[in-house]
Peer 1: 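Let me begin by handing over the structure; questions about it come next.
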Amino acid sequence: MAANIEKVKIVVVGDSGVGKTSLIHLICHQEPTSNPPYTIGCSVEVKLHDYKAGTPGEKTFFVEMWDIGGSTSHQNSRSIFYNSVQGIILVHDLSNRKSHQNLRKWLAEVINRGNTRDFCNGDYDSEVFAGIQIPIMVVGCKADQALNLREKSPTAGSSIAEECGADEFNLDCHQVKHISPGSTNAVKLTKFFDKAIERRYHREGGNQVNTLTGNRQSYTYTGI
């Protein structure tokens, strides 16, 4: 059964310590983790996702969530994880504004497969992200700490989510209710995973899939 289930690849990136591992664990297991391990290199968690759930075109997929270690000491070796990606989750710490600012570098690193030279030199242009076709989600973690510190969310004008047309939400990774079925955050995640699946599986001719069912359909693979 499992051998017949198609899969998509999502990379989850952001500065070290922002909550990527806790977020992935919460999404994949529907429970918080009290002591998340430090990620060296990359770790992968897998969840089952029902594409177009509740419709005649419903189909189950594996969603691979690649947790990319955020240490700067591993920057030169991370590019090997950025091949054949169908979706990107950008994670920042709501109590650390710098981690939100760094999301632009992270997005550039994934898109350019590790080459962020222009961004490091200060040549950032928001128009670079305007035409990105790959689905992107921006998630702010540690909402509980941000509340305690009275931190405010980044202003709309400076939000990378607006710059690249991405959905975004904030949460406390210790609270399962923040992504409980039917919640606003869960709906956004579902739409994001559906888009990632449509990113990879197309009918011949480039039209996006409608049902993803039927053995006679021909699919072509696309990735950044």
Peer 1: Nearest 0.5 Å please: distance from the CD1 atom of I89 over to the CG atom of D167.
Peer 2: 11.5 Å

Peer 1: First locate atom CD1 of I88, then atom CD1 of I68, and finally report the distance between them rounded to the nearest 0.5 Å.
Peer 2: 10.5 Å

Peer 1: For C28 and E45, which heavy atoms make the closest approach, and how far apart are they?
Peer 2: SG-CB, 3.7 Å

Peer 1: Is there a path of hydrophobic side-chain contacts, each under 4.5 Å between heavy atoms of I/L/V/M/F/W/Y residues, joining Y38 to V18?
Peer 2: no

Peer 1: With no hydrogens and no angle check, is any side-chain donor or acceptor of K20 less than 3.5 Å from a backbone partner on G14?
Peer 2: yes

Peer 1: Write down the atom of Y82, the atom of V85, and the distance for their closest heavy-atom approach.
Peer 2: O-CG2, 3.5 Å

Peer 1: Could you measure the distance from the OG1 atom of T21 to the NE2 atom of H25? Nearest 0.5 Å is fine.
Peer 2: 10.5 Å

Peer 1: Mind listing the closest non-hydrogen atom pair of V91 and C141 along with its distance?
Peer 2: CG1-SG, 3.6 Å

Peer 1: How many angstroms lie between atom CG of N185 and atom CD of E168, to the nearest 0.5 angstrom?
Peer 2: 11.0 Å

Peer 1: Evaluate the criterion side-chain contact (heavy atoms from CB on, under 4.5 Å) for residue pair I5 and L48; output intermediate values, then yes/no.
Peer 2: CA-CA 9 Å; I5 299 179; L48 284 171; 4.2 Å; yes

Peer 1: On a heavy-atom basis, which atom in D144 and which in H174 lie closest, and how many Å separate them?
Peer 2: OD2-ND1, 4.3 Å

Peer 1: Please say yes or no: joined through hydrophobic side-chain contacts below 4.5 Å, possibly via intermediate residues, are M137 and V187 part of one cluster?
Peer 2: no

Peer 1: Between H49 and D194, does a side chain to side chain donor-acceptor pair (under 3.5 Å) hold up when you go through it step by step?
Peer 2: CA-CA 9 Å; H49 172 72; D194 280 0; 2.7 Å; yes

Peer 1: Applying the 4.5 Å side-chain criterion to the ILVMFWY set and letting contacts propagate, would I40 and V11 be lumped into a single cluster?
Peer 2: no

Peer 1: Backbone N or O of A186 within a donor-acceptor pair of the S183 side chain at under 3.5 Å?
Peer 2: yes

Peer 1: Check the angle between the aromatic planes of F61 and Y201 and answer parallel, tilted or perpendicular using the 30° and 60° thresholds.
Peer 2: tilted

Peer 1: So which heavy atom on Q86 is nearest to which on P135, and how close?
Peer 2: O-CD, 3.2 Å

Peer 1: Please determine if R104 and E163 form a salt bridge, counting it only when a charged side-chain N lies under 4.0 Å from a carboxylate O.
Peer 2: yes

Peer 1: Write down the atom of H92, the atom of V138, and the distance for their closest heavy-atom approach.
Peer 2: CD2-CG1, 4.0 Å

Peer 1: Atom CG in N112, atom OG in S79: separation rounded to 0.5 Å?
Peer 2: 11.0 Å

Peer 1: Would you kindly say whether S99 and D93 are connected by a side-chain donor-acceptor distance under 3.5 Å?
Peer 2: no

Peer 1: We want to know whether H178 and N170 form a side-chain donor-acceptor pair, criterion being a heavy-atom distance below 3.5 angstrom.
Peer 2: no

Peer 1: Are the side chain of R200 and the backbone N or O of K7 linked by a donor-acceptor pair below 3.5 Å?
Peer 2: yes

Peer 1: Measure the spacing between CG of D15 and NE2 of H100 and express it to the nearest 0.5 Å.
Peer 2: 11.5 Å

Peer 1: When you measure from the side chain of E109 to the backbone N and O of K105, does any donor-acceptor pair fall under 3.5 Å?
Peer 2: no

